[in-house]
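We use all heavy atoms of the structure for the numbers below, so side chains are in, but hydrogens, waters and symmetry mates are not.
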Amino acid sequence: MDLEELHQKASDAMAEGNREKAVELYNKILETAPADEIAHGQLMDLYFDTDKFKYYLTRANYNVVNQKFEHAINDTKKALNLDAESIDARIKLARLYRVSNKNLKAIDEFNKIIELEPKLRDAYLELINLYILEDAKESAVGIARKAVNEFENDTELKNILAKLYFDLGMNSEALEVVQDKPMKVKILLADSKNDEAKAILDNMKTSMPNIKEAHAAYNLLLAEYFYNKNEFNNTLNTIEEYIKLSGPDAVSFQMKALVYEAKNDGFMASVNWGYMKKAQSKNDEAVVEFNHAHSLNKKDKNVLIELANLYMNLGEKYTSMDFWNAVYELDNDEHAKNILGEFYFNEGDYAMAEKYGKYRETKGQNNTADKNYAEAAEEDEGLIEKIIRIFTKK
């Protein structure tokens, strides 16, 4: 049955005075189309005299549909005044606070919810996320512990708690609860328990699904293991394997930078820090890193090109041209030459433009255009004379 039929049947039920049937049908409409304003409005009318609690909750829903969140909050509070222990109303109020960016009030409500209904798993998850948003990870840990105690066999909750412990540097506590193998390896490596981590990695390799993302994650962890063992060439080779699967990203550049720092290669470390900042869209910081690399090697073409492009993106066009000029002077790079020529020509600096092979057209080159222009002028004069003759004709 489509929505139009449901609306007709609900309307017929109301006309017949069958309020219970009308309520059932309008609620069925909202299951399919939660934003149906007519259904909300009709339910409000139906509940007004019979059930004030449901009336206020329905009016709250109507206001949510119209994005009037403050009105919805007030309506939900009125419903709670009638039934303070309603889980549905408290969840609605908590989520309304959250979408209204009133996180502290949302936190209070979710805490009340898990006190009233300790088995409501989603409430723990939403509360944990709110504490993380408020940068209160210790409080998030407390709620995650409660959740794990309440749902003892829930591996997802245990991994959430492990991640929170890990973020707080509580590696021993994290290892006690973690269920996810890659996360366990990461914690072990951070705790310098390299042999234990390698044993799990070897086991992962034999049972890993044939999924690109899984192999990429494995290579990233293996690279971290090699780094911990000071096997820097193996680290770099493994990062390259990761890049083949996932492409270059901020994490891969960061790991390369750390390896080159450990190898006392300041130039390559700065280059990779620069690429990391660029991948994070932090162009100001990327410029600093690439300039440091440039100070260590004035002739590296890739660094010069990166600086030229970064300065142009930052709106410093003349500085950008200085670097394109340095690229051109290295090996007469044709691309750099064209960029320089076009830039100075558009700036009206024709002498500099000619230096890079961009010339203005000469009169000799314009003979055809001049001829066409002259012919057009003569034709225009003939036309004017004809018009004058027409209007002066007697």
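Around the CG atom of D195, the shell of radius 6.0 Å holds no more than 12 heavy atoms that belong to other residues, nucleotides or ligands. Heavy-atom neighbours of K146 NZ from other residues, nucleotides or ligands within 6.0 Å: at or below the threshold of 12. Around NZ of K21, the count of heavy atoms belonging to other residues, nucleotides or ligands within 6.0 Å does not exceed 12. Under a cut-off of 6.0 angstrom, the local environment of CG in D202 is crowded, with over 12 non-hydrogen atoms contributed by other residues, nucleotides or ligands.
Note that K358 lies in the cation-pi zone of F345, set by a 6.0 Å cut-off to the ring centre and a 45° limit from the axis. Because its NZ or CZ atom is both nearer than 6.0 Å to the ring centre of F48 and within 45° of the ring axis, K52 counts as a cation-pi partner of that residue. Under a cutoff of 6.0 Å and an axis angle of 45°, K158 and F151 do not form a cation-pi pair. For K198 and Y225, the positive end sits near the middle of the six-membered ring, less than 6.0 Å away and at most 45° from its axis.
Using modelled atom types and a 3.5 Å distance limit, the side chains of Q8 and D12 yield a donor-acceptor pair. Counting only N and O atoms by type, the side chains of D322 and T319 include no donor and acceptor under 3.5 Å apart. No side-chain N or O of Y56 forms a donor-acceptor pair with one of N81 less than 3.5 Å apart. No hydrogens or angles considered: nothing links the side chains of N234 and K229 as a donor-acceptor pair under 3.5 Å. No side-chain donor-acceptor contact under 3.5 Å links N159 and D180.
Taking the six-membered ring wherever Trp is involved, the centroid distance between the rings of Y275 and F253 falls below 6.0 Å. Ring-centre distance between H335 and W324: below the 6.0 Å cut-off. Between Y318 and F343, the gap from one ring centroid to the other is short of 6.0 Å. Between H40 and Y26, a ring centre-to-centre spacing not shorter than 6.0 Å is recorded.
Atom CD of E126 is separated from atom CD1 of I113 by 8.0 Å, given to the nearest 0.5 angstrom. For the atom pair OH (Y218) and CE (M208), the distance works out to 6.0 Å, reported to the nearest 0.5 Å.
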D191 vs K193, salt bridge (Lys or Arg N to Asp or Glu O under 4.0 Å): CA-CA, chis, key distance, verdict: CA-CA 5 Å; D191 217 23; K193 295 177 179 177; 3.5 Å; yes
Go through the steps for R121 and E156 under the test salt bridge (Lys or Arg N to Asp or Glu O under 4.0 Å), then give the verdict. CA-CA 11 Å; R121 184 179 182 275; E156 183 189 1; 2.6 Å; yes
Take E70 and K102 through the test salt bridge (Lys or Arg N to Asp or Glu O under 4.0 Å) and record every step on the way to the result. CA-CA 11 Å; E70 285 301 322; K102 298 178 179 180; 2.7 Å; yes
Please report the C-alpha distance between E306 and K278 in whole Å, then the side-chain angles of each, then the deciding distance to 0.1 Å, and finally whether the salt bridge (Lys or Arg N to Asp or Glu O under 4.0 Å) criterion is met. CA-CA 10 Å; E306 288 296 338; K278 185 180 172 185; 2.8 Å; yes
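Residues M321 and L340 approach most closely at O-CD2, 3.5 Å, considering heavy atoms. Here the shortest heavy-atom pairing between A79 and F53 reads O-CD1, 3.2 Å.
In summary, K112 and E109 engage in a salt bridge, as defined by a charged side-chain N under 4.0 Å from a carboxylate O. Contact check on D167 versus K163 returns a salt bridge, with a Lys/Arg side-chain nitrogen under 4.0 Å from an Asp/Glu carboxylate oxygen. Using a cut-off of 4.0 Å between Lys/Arg side-chain N and Asp/Glu carboxylate O, E347 and K317 are scored as salt-bridged.
Each of E261, E289, H292 was checked for a side-chain hydrogen bond (donor to acceptor under 3.5 Å, both in side chains) with W273, and the lone residue meeting it is E261.
In this structure, Y356 and Y328 have perpendicular ring planes: the angle between them is above 60°, well past the 30° mark.
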